[in-house]
Each structure stands twice: as C-alpha cells, then as structure tokens.
Amino acid sequence: MEHHLSLLQRYRRDRRQLIEFLVSSGLIIEFRTPSGSTASLSNIDFDTLSADYLLQCVKSGGVVDVSEASNKYFDESVYPVSIPSQFGDSYFLISDPASAGSPPRRLPPPIKVKRTTNNASSSSSKQDPANAENVGSSRRDCRVNYKSTPTTPVRPVGTSGIPPLGLPSLRTGFLKDCLTIICGKSAYELLLASMLFSGIEVYSVEDRKKEKSSKFLSGLKSRRDKLHLQSQSSERHSKLIDTVRVQMQISEAMDACIRRNLVHWAARRTSGQFDLPQISLGLLIGIFKSDFHNEKSYMQWKSRQTNILEELLYFSANVSTTEHLTIGSCLEKIRTTKEWDVKMSASERVEVLSSIRQVALKISSLPGQFGIQSETYYWTASYHLNIRLYEKLLFGMFDILEECQLIEEADAIQELIKLTWSTLGITQKMHYAIYGWVLFQQFVETAEGMLLEYAVRELQKVQSSEEDDGKEGQYMDSLICSRQYGGREVKLNMVQAIFLSISILCDSKLQDYHQHFNQKPSNFKRMMTLASTVGVLTSGDSTEIKLIKLSTLNDNTARKIKRYVRRSTEAAYRRVANTIDLESKGTHPLALLANELRLIAEREFNVFWPVLRHWCSESLMVSAMLLHQFYGERLKPFLKEVSCLSEDARLVLPVADMLDHYLTQLHTSAFQENGSHHPFNQNLDHYQIGEVCRPIILDWVIAQHSHILEWTGRAFDLEDWEPLSSQQRQAASIIEVFRIIEETVDQLFGLKLPLDITHLQALLSVIFHSLDSYLQRLLNQLVEKSHLYPSTPPLTRYEETVIPIVKKKLLEFSLLDDSVSLKLNELTTPKLCIRLNTLQYIQIQISVLEDGIKRFWALVGPTNVQAHAKEEPQETSERDFLTCSEALDELFVTTLNCIKDIASDSISKICDFIGARVVFWDLRDSLPVSFISW
C-alpha cells in the first residue's frame, strides 16, 4: 500500500511541476473558469487537472478551460489509458499486472459461433443462428458498409440469412454447446473407424515411427516393389488423415489416443458392421482420465460419448422399459466422475459397458425399413444426427485459414468420407444434395463466387440423378424436416428442405440485389442460375409450398423477375434517399439524389439487366419507370418553387434533366428490344423541367443583353487603336468584346438545361446588337470624305465670238469644324489600318462563333426532339426536325451573316476614306497647287 501511495504522490508532484513550468514559461497564458478568466491560481486544484489536456491547450494557443480539464481528468481515471494505434487494441491497465498472477494456461473456451457452428446448427430447428451471422459477417467483411436500410424479407429467416433445414432437434445436450469442436471430433472418430473397417491402415504417431524403422530394416534385406507400393499407399493415407485432423482441429495427443483405441477395438471385433454407439462403447472401454492433460477435456470427451449413447439408445423407440431403465442407470454412472473414475474398478466398468452393449447389439440387429443394400436401423432412426455429422465432414474440406477455398486434397478426402456412407445412410443423391447445401452455406459466409458455381453443379446433379429403384425414393422421403410455412407446420423430405432453404435465401438476396451484389456483381448471375436450379417460391396465397423453375417466355417467371426488380429498386432508392437526407452538406439533396439514382440505373443496365433479360426482357423498363417515378415525386415540389436561376436551381435542374433523358433512353432501349412480344408500353411522365426553365432562361439571356452592351461600350471607350503586338494587329477592345460574348455562350449552354429555338434566337439577338453597337461606334468615329476635298475650281467655258480673259484664282479650301478637325487628327493612317484589321478579325471570329454555337446546339437542341420522338408519329417528328433545321439556318443568316455584311461595308468605307485622306489631307502641303487644281 505504501508503494502505491508513493507512486501516487510522485505522480502528483511531477504533474504539478509540469503545470508550474507551463505557467512560468508563458506557454499557458490564461485560465478560464465558469465565472470567467482568473489570474489567481490559488483556487485551482492542480491534482484534478488532466496533464494531457493542458499540453493540448498549449499547442492550440495556451487558453485552458479549468472545467474541461477536470472532466478530462475524471474520464481518464475511469477508463484505461489507450495508446494511439491503428487497431486501438493497446492500453494501460489500471491494476497492477503482477497482482493479477500469470495468465491461465488452459485453452480459452471455444467460440460458440463460427463458420461451421452456423453451418451445422442451421440443420437444427432449435439453434439460433443470430450470433453465428454476427461473427461470420464480422470475420468475412471488416469494412463499414455505406448507410443502408435493411429490407424486410418475405418470411422471417435467421440473422445469418441461412434458413434452417428443420431437422428434428437432438433430445440430449449434445451439440448445444461447443458444436463445432464436439461434432468435429465425433465425425473424425467415425471417419477413422470407417477407414479401419474398409481395410485402410490407421497408425498412431508411435506406430508410424516403428513402421518406418521396420520398413528401413526390411528394405536392407530385400527391395520388393510390392512393399514399396504398400508403403506409398500407407504414407498417402497417413498424410490425408493428418490433414483431416488439422482441418477438424484435433490435437496430436487426442488423435494418437483415438487411433490406438480404435485399432484395438477393431482387432477385437469379428464382424465388419459397426455403428456410432459401438464406436463410443469401444472408446469408453479403452480411454481413461489419465489419457488427458486436464480434467475438463476428459469431462467434455466423456460427456460427448454418453450423449451419443443417450441420443441413439436411451431415446430409441425400440427398447423395452427394462432396457430403458438399464441404459439410464448405466449412463448416469458413467457421467458421475466420482463413481466412474474413482470408485469403480476396471471389471465394474466393463460390466456397465457390457450392459449397454447388449442393448446396442439388439438395436443394431434390427433390419432397415426399406430393404436397401447395407441399410441399417440407424439410417432412419438417427438421420438427424447422421446428416449433421456428414455436414461436418464435408465442411472439413475447406481450408481453415482461407475458408473460401477448398484444400488441395479435397477430392482424396471426399473419397475417404464416402467410406462413412454405409454407417450414416448416405446415398449418391443425398451426397449431391448435402454437398451442394454445404457449398452454398460456405458461399453465404465467404461470398466466394466459385463456391456458388460448385453448389449449382452439385444441385444440378441431384435433379439429373436417377434412383435405382423406388426403395431409395421411399427412404429419402422418410427423412422428414419440419418447418413453419403459412402459419402451420409443413413436413418435407431432406432434399425438398434443402431446395426450399436455398430458395428462401436466394429470394431474400434477389429482393435487394443492388445491395447484396454491389461488391461482387459477378455473383448475381451465379445466384440467378442457382435460383433457376432449385426454383423460386410462388407468391400465391396458398399454404402449399411450391417451387417454380425459372424459364423464358413464362408469365410466372416474368412476374417473379419484375417483383425482384421492383423490390430491389425500391430498396436501393430508400437506402440512397436516407443517406442523402443525412449527408447532404454543401449541395442540394435533389442534386445528390439524381446522381445516385443515375448510378443505380447505370448499374442496372450494365450489370443486372444483361442477366435478367434472359427471363424478362422488360425488367429494365420496370426499373427505369420506378426510378423515374421516385425522383419525380421528390422533384415536383421543388419545380413549383423555382422562379429564377438560383444556386439551387443551377444544381438541381441540370442533373434532373440528365436523369430524365437517361431513364428515357433506357426505357426506349428496353422497349425496342422487347418489341411487340409484351404489351408493356407505358410512357414515362417526363419532368416539366423545360416548361419551368423556358421563361427563366429567356429572362437570363435578356438580362445579359444590357450587361454585354455596357461592357462593349466601356471597352470601346478605352480603346486607343494601338496594335496588341506585331503578330496581332487588331484592337484590344474587340478581343474583350468577343471574350464577353463567348463567356455568355458558354454560360448559357453550360447550364445544361433544355433549350429551344426561342432561347437561341434571344442569344443571337444579343450577339447581333452587341457587335452592331461596336461597329456603329467604330463608323461614327469616321468623317465624311467630302470634308477632305478642296472647293470646286471655277469652270472654263469657250465661246467663239468672245474670248474673255479670266484671271485665275487661288485654290480655296473650306474651313472645317473643330470636331471634324479633331477627328481627322485622330484618324491617322496607322490607326485606320488597325480598324481595318479589327473588322477583318470580326469577320473571322463571327464564323468561329457560329460554328461553336451550332456545335453546342447539336448537343442540346436535338435531344429534346429525340426524347419525345417515341410519343409522336415518325413522319411528324421528321417534319418538325426539318422545320427546326430550316429555321435555325434562317436565324443565323439574319443575325451573324448580317454582322459580316456590315463589317464588309465598313471595310470598304474605311478603305475609301484612307485613300481620300492620304491624297487630300496628308499630302495637301506636299503637292503643288496647280496639280491639285488641274
């Protein structure tokens, strides 16, 4: 205790020194209490402040909240201090590890729910698969799935999604706890016994070493091929047994003990027939408490053996009352540790086991019910246990380190497993069904597509296999599985129960295939093939269970596929809508929803429809119509509120329009492929985006008119008519004007909204008036050529009679206004040439601008025509398209071509003005007056 107090005192002292250092060094500049900032530190209890929090405050500015520091301190004192690590599994202990002692040396208790636990327990109606699914899913997928809303299945199944077969429940405590290990050990003991009675040598570890040494000595004496072949066969079997032992998690010590006793038991037997009770009795007589490392393992092993005897003998319907009491009394003695392992001598134990053996031999001698070769009484009496053990043997072929893969020795081990058929009552058809069921369960746990293909292959063999005679069919019909259906109990044979369980799970998966096959879409085709193999449940109200096969050109199949499409599409929509409502930050929810629904539609078209079209070609139409309807219900209230091109309108309307066009395209594609085979011709109710946007876009274009005119006038007023560079001889103002016009064009078409000819007409009108205003301003800067010419000289007239003598007058020029004179001074020849280059630039850019607008319009304008072409007669659509094309050409002629003509006339006018200026203005002082007057 003093040691702990000293540590606490030192910890407090070190923390106080740390805080004093932080305060004295100026790193902590302020302490804040609930009453406000405080300069006095006397009322602060430094022993209740979190040092880690203070260091964080130093990094973030040096302001400490005393209340927060105290809360952090008490939180740290309640929970262990964790180390920041990637896995979050490292922490400090509050208590002293030394006082807790050393860790336990025994093995931890087995986890109740593993892969094989779920698989085996699914066969029992009493097992709850909820925990199995939680463990299996957490082991199989450590990712965080994006927010999903689970859909309600057609009928309740386990959380794991694997419906139980409905085998009769076990009446003892066997298989209720530690199912995987216990069932695996019993199956392993059965496999070893089957190999022994089939003539396959089973060696323990010690016997194997002795055998190797004897073979070595015999090899020195003679090398015979026969011994060599026998050695190879024994070695191969030995390796296979070791592989099975590892797969079923049997320890080497336990394996050696089981093998040794089974070999001794088999040597004492005279007949080759054996069963599960005889195996348990043979092991009980030769295995003792001293053969185990700890008492718990021994008690588990002994309890398992007595439970087998109780299940198969005590609860047998073919034992008398006296035999029933004898078996119960003997089993109680075996279960009582003090009596069986301490008080009883070896002879007394043999006597107890002999009493049980007499009853077991009597029951074993009973004939089978159907007269099948090698049939025993236990084929039908204990089929509920036999099938579970056989399942466990088949599960042993999956790699324990990589559960989605079969081990390399799977085929060889399967041949060994077939040795148990005569004991467990397994036929070839039953093997196909159970193996397919096991493969399917493993697929559900691992999502490995190849396992699903293997399962389909095995289940197809069940349907193609033919029974030898009616006896095998009668035997399989006697293997009854019970399950609830339609509010009542229904009895099925084992194969029917397997097909029904698989069908139920396939049905639940296919009702939300967008979620279940999102990560591995290739499994969707495999799942559809499996559903087609086992059949799907009918949706009728009848309480009779009926599985229908999926076939093409079948109305029932088409209805079932449409039902899957509707439910999966609805589930995908709800999942996305809920996620959007929770996470829509920074953008409008309707915009996000439209993008997500388009992804769903694209996935439906690219992944799922190529598979579904084989059974129902109009499935894509169903999905497109549902998505269109769901989004339309959310969009209509928004459209009613749109009155201008607000930020939300710019975000929502384009993606909504693209979704409308894409879904229409999918609907049209499916309709064209479907043709007239089905009367499924319901048109989509298009969103009224065009009607809402038409006046809004028109107002926006008109608003741009005044804006562009203002910028055009400003650019022209600032123009000094100097060339931009030696390569660019046009004016800078025209560059700015076309930049503004091009930005307006890009903005209009960048809205990605439905446009019609009215909007294009308004845009071209804005461009025309902007450039016409520029050209008029340019022409207004010129002066009339008449101002450059001198006054008209007097005419010289000739008369025959009179020859007047006229005195020549000097050349007279008219006086110019100051404004005209100022303009002439500004209109120098180089600046006039810049104007000419500018006009030529206008002509060139007009052509470029026209091509760009036509290219944009080709992407936007015809879309509206194609979107509704299906709803109008073909002749009417073609006529409207030609009319629209002619109107478009006429529109460009009356606007942009007109600007070209104005620019061309302006060029001619400036050229004439330049010639007159050079002659009559620039050279007026250089040429002689007589030259000008002449």
Would you say the side chain of [Y] lies within less than 4.5 Å of the side chain of [X], judging by non-hydrogen atoms?
| X | Y | answer |
| --- | --- | --- |
| I741 | L771 | yes |
| C404 | M450 | no |
| L653 | F638 | yes |
| F768 | I899 | yes |
| L666 | W609 | no |
| F738 | I842 | yes |
| E742 | V745 | no |
| V652 | L635 | yes |

Please report the closest heavy-atom contact between [X] and [Y], naming both atoms and the distance.
| X | Y | answer |
| --- | --- | --- |
| L550 | S532 | O-OG, 3.5 Å |
| D512 | R575 | OD2-NH1, 2.9 Å |
| N523 | A447 | ND2-O, 3.3 Å |

Does a donor on one side chain and an acceptor on the other come within less than 3.5 Å for Q56 and D52?
no
Will you find, in the side chains of D660 and Y631, an N or O donor that is under 3.5 Å from an N or O acceptor?
no
Is the ring centre of F608 less than 6.0 Å from the ring centre of Y513?
yes
With ring-ring contact (aromatic ring centres under 6.0 Å, His included) as the criterion, how do F524 and H516 come out once you've worked through the C-alpha distance, each side chain's angles and the decisive distance to 0.1 Å?
CA-CA 9 Å; F524 177 70; H516 294 297; over 10 Å; no
Give a yes or no on whether the backbone of [Y] and the side-chain of [X] come within a donor-acceptor separation of less than 3.5 Å.
| X | Y | value |
| --- | --- | --- |
| D507 | S503 | no |
| S568 | H514 | yes |
| K560 | L537 | yes |

Any cation-pi pair here, K509 with F517, using under 6.0 Å and within 45°?
no
Salt-bridge contact [X]-[Y] (side-chain N to carboxylate O under 4.0 Å):
| X | Y | answer |
| --- | --- | --- |
| D756 | R694 | yes |
| R714 | E736 | no |
| E570 | R566 | no |

Quick one, Y573 with L593, criterion side chain to side chain contact (heavy atoms under 4.5 Å, CB included). Give me CA distance, side-chain angles, the key distance, then yes/no.
CA-CA 9 Å; Y573 167 74; L593 182 61; 4.3 Å; yes
Check the pair Y774, S733 against side-chain hydrogen bond (donor to acceptor under 3.5 Å, both in side chains), reporting the backbone distance first and the verdict last.
CA-CA 9 Å; Y774 186 90; S733 58; 2.6 Å; yes
Are more than 12 heavy atoms from other residues, nucleotides or ligands located less than 6.0 Å from atom NZ of K752?
no
Step-by-step side chain to side chain contact (heavy atoms under 4.5 Å, CB included) determination, Y687 to V692:
CA-CA 10 Å; Y687 308 144; V692 173; over 6 Å; no
